[in-house]
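Only one structure is covered here, and it is reproduced in the block below.
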Amino acid sequence: MALLTCTYYSESLLGMTKIHVYIPTPGGKEWALGTAKDHPFFAGKKFPVLYLLHGMGEDASTILRKTRIESYAKDAQIAVVMPEGENSFYTDPAYGRRYESYIAKELPLFIQDSFPVSDKREETYIGGFSMGGFGALRLGLKYAETFAKILAFSGPYDVTEFPLHVFEGEEGTRAMHWEALAGEDFSAIPGSDLDPYVHANALAYSERVRPEIFLSCGTEDPLYPAHVKTQEVLSSLGIAYTAQEAAGGHDYDYWDPALLSAVSWLTEVQ
Amino acid sequence: MLFVTYKIYSTALGREADTQVIIPTAEPKKRVFEASEYQRYPKEPMKVLYLLHGGFGCSEDWLTMSPVASMIRGSNLMIVMPFAENSYYQDMPYGSAYWTFVSEELPVLIRQMFPHASTRREDTFAAGLSMGGYGAFRLGLAKPENFAAVASLSGVLDLKARIAASKGELKSRGLQFTDNFFNEDEIGDADLLLMMEKVKDRREELPRFFFTVGTEDFVYGFNQTAKKKMEACGIAFHYEEHKGAHEWDFWNKYIENALRWMKAID
């Protein structure tokens, strides 16, 4: 796998940002076995692509460091893009850089334009962990015309719970700036554009194309209830999904093996 | 601007290798992103410059020490900067095959990865400083079908003389060449002066050659030797000399001349 670490100007963010990009290419083993020249990279193939979103407090490098994404992507022969999202929850916030416009509108255009990556919806996927899981689900539902498949791991999807209650009384959590997202009135968030269930609802009552959804969460994860509630919401709306759970917490010990099975699900022949 | 560290397995080198790539991209400052107005790259395929570092250097040198990144803003030129240790862009006998990497493998890896990179000879250039100047000229002489123009800044254009010096007046400092050749006294086609003789009958097929050197530079004499040989072989070139020594002040002053003369930038 080739790894391209890029720093470049984003129109949505009005500034420079960083991404790590994996593109399937032959490695030492393929060259030694004599199969490298037949690798699709040399035939000009445009690869399916997974946008993988990091969690709160993390950055574009975290997933690279804490999972074996390179190995999973190589087996699946997909490209992977790991962007920077700061602590934006991948929204266009009231205060801060416009990460929703960046991830959902600009980044796929930039990647298709810049690298041997497919421009087909069927081959464009979005996934993420924790805050990134929230981002993947919300953006995947809102921008269903862009993303064919969603991999959402352990996200705080239920906005009636988070942030309203989780950080009450907690000091020193500078990272949590929900006020930046939508102003001081947290009670206005459920039912608003920030609420992933609003976008699930909008999709359900339309003729629009639907993404395939994969939800995963550890059973000891404090956000496990949101994983359960999301399934209830999707079921009640008639939106299909695949759910996976296993013993585990809100950490990469759970997410790394879950990522392996999710990537396999991604590229299964339907 | 897009800055890329492009890490990929190289079969010539037998391992993962990093190459720096810089690509000028549009940078709209308007406040709302409109997908319908998205345009990042020029409509024409981008010209490609292979820009080679010098001895003791690395692929980040031209980025950190020179103004080339700001020079290509708004242009149609992308720059590729490989890393070649102190190899003199040779296939090292007990080391990495940098000549094969730079002359054959890297252009393929660039074209396959960057859809906007032009594949035309007329859009492809090589340039470098010192050891890299030698490398650029070697590319132009050995692979004339691949390059429209090549440029050397303070290039070590008489490699045999340089090797001799490494055993003489430069013995206590600077590069040794024992890693780069099986026999440093018999360097074959790595000798640019020999190559010039070999290709002189095909001079119309050669790229355009630009070279510049400082009058106080220790490689000044090597450049005079090369100049005389090119004249004798009837190979067209542009030569200019300026006050200056073997240093970034010189390369930073004259790299723009090289790029404009080659028509890599307007």
Aromatic centroids of A/H54 and A/F129 separated by under 6.0 Å: no

Ring-ring centroid check A/Y8 A/F110, cutoff 6.0 Å: yes

Who in residues 111-133 of chain B is close to chain A, using a strict under-4.5 Å heavy-atom cut-off? B/Q112, B/M113, B/F114, B/P115, B/H116

Where on A/L14 is there a heavy atom nearer than 4.5 Å to chain B: the side chain, the backbone, both, or neither? side chain

So for A/T25, is it side chain, backbone, both, or neither that comes closer than 4.5 Å to the heavy atoms of chain B? side chain

B/W99: partners by ring-ring contact (aromatic ring centres under 6.0 Å, His included), with sequence neighbours left out: none

Name every donor-acceptor pair, under 3.5 Å, that has one atom in a side chain of residues 133-148 of chain A and the other anywhere in the protein, sequence neighbours excluded.
residue	atom	partner	partner atom	Å
A/R138	NE	A/D193	O	3.0
A/R138	NH1	A/E100	OE1	3.0
A/R138	NH2	A/E100	OE1	2.7
A/R138	NH2	A/D193	O	3.3
A/R138	NH2	A/D193	OD2	2.9
A/K142	NZ	A/E100	OE2	2.6
A/K142	NZ	A/D193	OD1	2.9
A/K142	NZ	A/D193	OD2	3.4
A/Y143	OH	A/E100	OE2	2.6
A/E145	OE1	A/R208	NH2	3.2
A/E145	OE2	A/R208	NE	2.8

Contacting region of B/V21 [heavy-atom separation from chain A under 4.5 Å]: neither

Go through the atoms of B/I23 and report whether side chain, backbone, both or neither lie under 4.5 Å from a heavy atom of chain A. neither

Chain B contacts, top residue of [options] (heavy-atom pairs, under 4.5 Å):
| options | value |
| --- | --- |
| A/G15, A/G28, A/P26 | A/G28 |
| A/M1, A/K105, A/K18 | A/K105 |
| A/P116, A/S10, A/A32, A/S114 | A/S114 |

Closer than 4.0 angstrom, basic N to acidic O: yes or no for [X] and [Y]?
| X | Y | result |
| --- | --- | --- |
| A/D113 | B/R40 | no |
| A/D256 | A/K66 | no |
| B/R202 | B/E145 | no |

How about B/K263: does its NZ atom have over 12 heavy atoms from other parts shown lying under 6.0 Å from it? no

Name each donor-acceptor pair under 3.5 Å that joins a side chain in residues 35-50 of chain A to protein atoms two or more places apart or in another chain, with its distance.
residue	atom	partner	partner atom	Å
A/T35	OG1	A/E30	O	3.4
A/H39	ND1	A/F41	N	2.9
A/H39	NE2	A/Q77	OE1	3.1

